[in-house]
Amino acid sequence: MTDLNALSDEAFRAEVRRFVEAEYPPELRHPPHRLHWEQGRPWFDKLQARGWVAPGWPREHGGLGLDAGKQIILIEEYERHGVARLPDHGVIMLGPLLIRFGTQEQQERFLPRILAGEDIWCQGYSEPGAGSDLASLRTEAVPGTDQEGDHYVVNGQKIWTTLATDANWIFCLVRTDKGGKKQEGISFLLIDMRSPGVTVRPIINLARHDEFCEVFFDNVRVPRENLVGEPNKGWSMAKALLGFERIFLGSPRQSGYALARLKLLAERMGVFDEPDFQDRYTRLRMDLDDHKDLYETFVAVLRRGDTLGPDVSMLKLHQAELFQRITELMLEIAGENAGLLEPMGGNRDLHPAGQFIEARPTTIYGGSSEIQRGILAKNVLGLPG
């Protein structure tokens with residue numbers, strides 16, 4: 001396989017753009033919601049055939065071994081073209097964690113199956129009462145008490161589990177020790193979703209999508225060999241998963257797409273040239289330009305090979321609130337179409353209510369805006385906690 005890191009950034013961007021424009025299924029561009037596995041499978045097959053399923057994995061584990069700068073270019077080109085995000089928890093989160101913390105047996109067992117699309121993973125982190133305060137989780141894994149004693153017994157519940165209905169495996173944070181600080185006593189466990197006692201219930205949201213799910217564990221037996229890393233050290237591993245992906249929560253993609261839809265809607269509703277709308281639209285466009293500059297500041301850090309600091313929270317905070325402001329204006333000018341969840345007049349790019357609803361959880365997921373402000377206050381401004 002060609003070492004793509006050897007290409008210049010311009011040549012690599014052109015290579016990605018050629019591939020995406022030639023191979024990406026046009027009917028899947030800019031989907032209004034997360035695709036299920038079978039919906040996105042045609043694109044996965046294209047990536048697999050080219051060897052591009054895992055851009056960030058080392059080449060010895062079947063990945064492309066792209067450096068951080070090249071990975072950002074890849075994602076930017078995907079976003080530019082409207083490429084849908086696949087059920088990718090195995091590639092983006094679990095794979096890198098197993099490469100760093102897993103045993104050789106775990107790597108040999110799970111990594112090839114992720115690349116082949118044979119195992120689809122979901123993430124078992126949040127719980128009722130333990131969302132933003134994840135360390136308060138209560139799902140428990142206790143050692144089995146039978147003669148073999150080679151397993152854990154898991155009881156509890158996870159919620160907001162993305163695309164759990166598509167997954168056959170889930171990686172979970174579970175409590176294995178109730179003593180000490182709440183961040184201590186948490187372990188990282190891999191659970192087969194087909195195990196007896198696992199129940200998945202989809203949650204239908206306001207836009208009538210079923211992306212999120214509840215997952216229940218009722219005396220689920222999990223082999224001890226499915227523990228990743230040391231017992232009670234899962235919290236540090238979970239934080240390691242959030243490092244590189246944090247910048248993408250602040251990508252200008254969502255706001256940029258929404259602003260383009262706002263312009264299209266305003267033209268459709270005949271208000272684009274009105275002075276009041278032009279004033280508000282221009283302010284939003286300038287805010288987006290500012291956000292793009294901020295995003296590039298953090299991208300430059302990764303391209304230099306440096307580590308992102310806590311100030312990256314500014315990126316997620318600004319993007320989430322800008323996205324909401326754009327969709328609020330979209331709903332305001334939509335008139336009698338403001339409540340439509342379906343595209344207006346068959347134009348799939350115009351669904352004001354759908355965009356508005358999509359923007360609502362952005363200030364909550366991935367660390368709420370309150371948490372982002374707390375990180376900035378404590379770690380950047382040096383204010384007391």
Side-chain angles (χ1 to χ4, degrees), residues 34-65 83-126 139 141 150-152 154 158 160-174 187-202 210-217 220-229 234 237-238 240-242 244-245:
R34 283 288 292 272
L35 298 183
H36 285 287
W37 168 243
E38 288 304 321
Q39 293 173 304
R41 184 63 190 260
W43 174 233
F44 179 88
D45 291 341
K46 299 280 189 180
L47 294 171
Q48 185 187 47
R50 197 175 180 89
W52 282 21
V53 169
W57 292 15
R59 291 160 65 88
E60 59 266 28
H61 289 291
L64 282 176
V83 172
R85 181 180 175 185
L86 298 174
D88 55 10
H89 286 95
V91 171
I92 292 179
M93 303 190 76
L94 181 65
L97 183 133
L98 290 180
I99 290 168
R100 181 173 176 182
F101 297 105
T103 64
Q104 182 177 347
E105 291 76 14
Q106 289 171 337
Q107 294 171 0
E108 292 175 350
R109 177 184 179 187
F110 292 111
L111 296 182
R113 294 181 61 84
I114 293 173
L115 294 175
E118 295 171 354
D119 285 344
I120 308 302
W121 289 82
C122 59
Q123 176 190 26
Y125 277 18
S126 295
T139 295
D150 58 353
H151 64 279
Y152 290 99
V154 179
K158 299 294 180 178
W160 313 126
T161 309
T162 303
L163 297 178
T165 49
D166 292 358
N168 56 347
W169 282 85
I170 182 171
F171 55 90
C172 278
L173 292 180
V174 295
S187 298
F188 198 98
L189 200 60
L190 311 179
I191 303 176
D192 190 335
M193 298 280 281
R194 297 157 293 192
S195 303
V198 177
T199 302
V200 179
R201 297 178 185 169
D210 59 353
E211 174 182 346
F212 300 116
C213 303
E214 297 175 286
V215 182
F216 299 87
F217 304 97
V220 178
R221 291 169 59 103
V222 180
R224 282 181 179 265
E225 64 193 36
N226 287 11
L227 178 75
V228 181
M237 289 191 294
L241 284 180
L242 302 176
F244 181 65
E245 73 162 359

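In this chain, residues are counted from 1 in sequence order.
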Rounded to the nearest 0.5 Å, how far does CG of Leu98 lie from CE of Met237?
9.5 Å
What's the shortest heavy-atom distance between Trp121 and His89, and which atoms?
O-CB, 3.5 Å
Any salt bridge (Lys or Arg N to Asp or Glu O under 4.0 Å) involving residues 116-126? Give me the pairs, sequence neighbours left out, ordered by first then second residue.
Arg113-Glu118, Arg113-Asp119
To the nearest 0.5 Å, what is the distance between CG (Asp166) and SG (Cys213)?
8.0 Å
Closest non-hydrogen atom pair between Leu64 and Pro55, with its separation
CB-O, 3.5 Å
Residues Ser187, Leu227; criterion side chain to side chain contact (heavy atoms under 4.5 Å, CB included); working and verdict:
CA-CA 7 Å; Ser187 298; Leu227 178 75; 3.7 Å; yes
If I take atom CZ from residue Arg50 and atom CG from residue Asp45, how far apart are they, to the nearest 0.5 angstrom?
15.0 Å
Sorted by chain and number, sequence neighbours left out, side chain to side chain contact (heavy atoms under 4.5 Å, CB included) with Pro58 holds for Glu60, His61, Ile99
Check side-chain hydrogen bond (donor to acceptor under 3.5 Å, both in side chains) between Asn226 and all other residues, then give those that pass, not counting sequence neighbours.
Arg109
Taking only residues two or more places apart in sequence, or in another chain, which ones meet Glu214 in a side-chain hydrogen bond (donor to acceptor under 3.5 Å, both in side chains)?
Gln157
Taking atom CD of Glu211 and atom CG of Leu35, what is their separation to the nearest 0.5 Å?
10.0 Å
Rounded to the nearest 0.5 Å, what separation is found between the CZ atom of Arg41 and the CD atom of Gln48?
6.5 Å
pair Thr161-Phe212: side-chain heavy atoms closer than 4.5 Å:
no
Please assess Leu86 against Leu47 for the test side chain to side chain contact (heavy atoms under 4.5 Å, CB included), listing each intermediate value before the final yes or no.
CA-CA 11 Å; Leu86 298 174; Leu47 294 171; 4.2 Å; yes
Excluding sequence neighbours, so at least two apart, what forms side chain to side chain contact (heavy atoms under 4.5 Å, CB included) with Ala54?
Trp57, Val91, Leu115
Identify the heavy atoms of Gly90 and Ile114 that sit nearest to each other, and give their distance.
O-CD1, 3.6 Å
Rounded to the nearest 0.5 Å, what's the gap from CG on Leu189 to OH on Tyr152? Could you check?
7.0 Å
Can you name the residues that form a salt bridge (Lys or Arg N to Asp or Glu O under 4.0 Å) with Asp88, not counting sequence neighbours?
Arg85
Carefully, step by step, assess Leu97 and Phe171 under the rule side chain to side chain contact (heavy atoms under 4.5 Å, CB included).
CA-CA 11 Å; Leu97 183 133; Phe171 55 90; over 6 Å; no
Can you give me the closest heavy-atom contact between Asn168 and Ile120, atom names plus distance?
OD1-N, 2.8 Å
With sequence neighbours left out, what residues match Thr139 under side-chain hydrogen bond (donor to acceptor under 3.5 Å, both in side chains)?
Glu127
By ring pair (Phe, Tyr, Trp, His ring centres under 6.0 Å), which residues pair with Trp160, not counting sequence neighbours?
none
Across all chains, not counting sequence neighbours, the salt bridge (Lys or Arg N to Asp or Glu O under 4.0 Å) partners of Asp210 are none
Testing the basics here: between Gly95 and Leu111, what is the closest heavy-atom pair and its distance to 0.1 Å?
CA-CD2, 3.9 Å
Can a donor-acceptor pair be found, under 3.5 Å and without considering hydrogens, that links the side chain of Lys158 to the backbone of Gln123?
no
Please step through side chain to side chain contact (heavy atoms under 4.5 Å, CB included) for the pair Phe188 and Phe101, ending with a clear verdict.
CA-CA 10 Å; Phe188 198 98; Phe101 297 105; over 6 Å; no
Measure across Ile191 and Cys172 and return the closest heavy-atom pair with its distance rounded to 0.1 Å.
CD1-SG, 4.0 Å
Do the side chain of Glu225 and the main chain of Gln106 share a donor and acceptor less than 3.5 angstrom apart?
no
Counterpart residues, side-chain hydrogen bond (donor to acceptor under 3.5 Å, both in side chains), relative to Gln107 (two or more places apart):
none
Excluding sequence neighbours, so at least two apart, what forms ring pair (Phe, Tyr, Trp, His ring centres under 6.0 Å) with Phe44?
Trp37
Taking only residues two or more places apart in sequence, or in another chain, which ones meet Phe217 in a ring pair (Phe, Tyr, Trp, His ring centres under 6.0 Å)?
none
